[in-house]
Amino acid sequence: MRMNYFYQQMLAFFAVVMTVLIILGFSFLQFARNTAYQSTEKQLFGYAESLIDVDLQTEKIENGQIILKNQGVSIFVFDYKDDMIYPSTTKKYVSGISDGDLNKLKNGEPLTLSQRSTDFFGNQVDTAIVYQPFFTQSTGEFSGFIAVSAPISTIEASLKDIRNNLFSAFVFSLIGATIASYLFAKFQVSRINRIRSATHKVAKGDFNVQLENREMDEFDDLAADFNSMVDSLKKSQEEIERQENRRRQFMADAAHEMRTPLTTINGLLEGIEHDMIPENQKQRSIQLMQNETRRLIRLVNENLDYEKIRSNQIILQKQTFNAYEVLEMIVEQLEVKANESGNELILDCPTDLLVFADYDRFSQIIVNIIQNAIQFTDNGKISITGYSDENESIIKIKDSGIGMSAEEVESIWERYYKADVSRKNTKYGESGLGLAIVQQLVTLHGASVTVESLPGEGTTFTLSFPFE
Ligand SMILES: Nc1ncnc2c1ncn2[C@@H]1O[C@H](COP(=O)(O)OP(=O)(O)OP(=O)(O)O)[C@@H](O)[C@H]1O
Ligand SMILES: [Mg+2]
C-alpha cells in the first residue's frame, strides 16, 4: 500500500498530539470528578456535624432542612435501632445499611460518601449520602445517626460545565494540531523533495549540485553525504573524460605515426610495380623500405613496452652493479652515431660507481637520454657525469645542443611529444615515445629525473637512483 510520506508524517504527529490531549482530558475530568465528590462529601459531613454539634434538636434539624432544601440536600435521622425518627412519618422506615456499617457507626466511625439509587422511602433517585453517628451526652452511649444526602444530578451538573469547556478546548486543540501537523509534515517533505530533485539532477548528469547543510539533524547528514557522493561522482566523471581524451589522442597519434612510414613504403612499392625506379636506385629503395618497416616495428614494440610498464606488467630485477661499466659500454656503442654529427661524447665517472637498479632497464633509460642528446646536438659536446652522494647515485647527461623553452620542457614526458614536429631528423626514428618510457621506468624504480634546458644553450638531464 502506497501512502505519501506527507500523510504518514501528518498522521503520526496528529496521533501523538491527539493521544496526549485525550489522556490529559480524561485525567483532568477524573480529577475534577473526584474533587467534586470530595467537596460534596466534606459539605455533607459539615452539615451533619453542625446539627449534632451541641445537641440534637428536632427544631434545629427542621430549620436546617428548610435552608438546605433548595440545594437539594435532605437530612434524615435514625435511632440506634436504625429506625427513622426524622422526618417523622406514620410508616416505619429504615436506612437499610449493612450490619457492618451499623457497627462502624456504633464505634463512632462516620460512613464516607456512598451512592445509592433509591432514597429511604423507596423512590428511584440517584443520591450521594454520608452517615454521621451521635451519642448521648451524659452516658456517651450510641443513640443513632444522621444521614445527609444530595442528589447526584447536582454534582454532575457542575461537572457538565467543565466537560463542555474541555470539549471546546479539545476542538480547538484538534484544529491547532491539524494545522501544526500539516506545517510540520510539509516542512519535512520539502526537505526530502529538495534531496530528491538534487538526485534527479545528478541522474541527468549535472554534477555541480550541492545541497545546503545546516548541520541540524539526520537530513543534514544525508545532505552532507549526498554532497560528498556528488563530489566523487564528479571526480570519476572527469577522470573518465580525461581517460577518454587520452585514448582518443593516443589513437590519433599512433595512426599519425604509422601513416608516414606506410606512405613511404607504399610509394616505393608502387614505383617498383610500374617499373618507375631506375635499376641503380632499386637497392636504395629496398633499404628505405626496410628502414621504414623497422621504424614501424620499433613503434609497435615501444608502445607495447610503454603499456606494459604503465600497467605494472613488468617486474624489475633490481640489483646493485657497477654503473661505470654500463656507461662505458653505452658510450662506446653510441660514439659512432655521435661522431657522424660531429659530436664528442665525454664520460666522467669514478670506475667504482655503483647503482641499484634493473640492469637492462637502467641501460634503456641512459641510452634513450643520450640518443636524444645526440639527436638534438650538432658539432657539440655531450658529457656523461656519474657520482654518488649520501643516499643515491647520480648521473647527469649534458649536451650543448638546441635546448628547449620552459613550455617545451613541460611536455617532453608526454607520449608522441616532439618539440618541433617539422624537424625531420630521423637519426633515431623520432616517435616521441622515448622520454615517456624513461619517465615510467624511473618512477617504477623509485628514482627521479629532472631536466634543465635553455634554448640554444643545451639540455641537462639528471637522474638519481636511491641506494638499496
Ligand atoms: N636533449 C634534448 N635537447 C633538446 N630537445 C630534446 C632533448 N631531449 C628531448 N627533447 C625534446 O623532447 C621530445 C621528446 O623526446 P622523446 O625522446 O620522448 O621523443 P623523440 O626523441 O622525439 O622520439 P623517440 O625517442 O621515441 O625516438 C623530443 O622530440 C625533443 O623535442
Ligand atoms: Mg628520444
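Throughout, numbering of the chain's residues begins at 1 and tracks the sequence. All ligand and atom numbering here is 1-based and tracks the order in the structure.
The aromatic rings of F28 and F31 are tilted relative to each other, their planes meeting at an angle between 30° and 60°. Ring geometry for F13 against F184 counts as parallel: the plane angle stays under 30°, on a 0 to 90° scale with 60° as the upper cut.
A donor-acceptor contact under 3.5 angstrom links the side chains of Y47 and Q43, judged on distance only.
Close N/O approach between A436 and ligand 1 is not found [any backbone or side-chain N/O within under 3.5 Å]. Any N or O atom pair closer than 3.5 Å counts here, and N368 shares no such pair with ligand 1.
The side chain to side chain contact (heavy atoms under 4.5 Å, CB included) test applied to N266 returns E270, not counting sequence neighbours.
With a 4.0 Å cut-off on non-hydrogen atoms, Q371 does not touch ligand 1 at all. Contacts between L435 and ligand 1, counted as non-hydrogen atom pairs separated by less than 4.0 Å, involve both the backbone and the side chain. Under 4.0 angstrom from ligand 1, there are no non-hydrogen atoms of E414. Residue contacts with ligand 1, taken as heavy atom pairs separated by less than 4.0 Å, do not involve T377 at all.
If you check each of F376, F461, W413, Y306 against atom 6 (C) of ligand 1, the one with the closest non-hydrogen atom is F376.
Within the structure, side chain to side chain donor-acceptor pair (under 3.5 Å) pairs that include any residue of residues 380-400 comprise K396-T462 (at least two apart or interchain).
By the 4.0 Å N-to-carboxylate-O rule, R163 lies close enough to E156 to be salt-bridged with it.
Heavy-atom contacts of D399 reach the following atoms of ligand 1: 1 (N), 2 (C) (cutoff under 4.0 Å).
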Go through the steps for E244 and R248 under the test salt bridge (Lys or Arg N to Asp or Glu O under 4.0 Å), then give the verdict.
-> CA-CA 6 Å; E244 180 57 19; R248 242 184 256 134; 3.6 Å; yes
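Taking 2.8 Å as the threshold, Q371 does not count as a candidate ligand of the Mg ion (ligand 2), since none of its N, O or S atoms lies below it.
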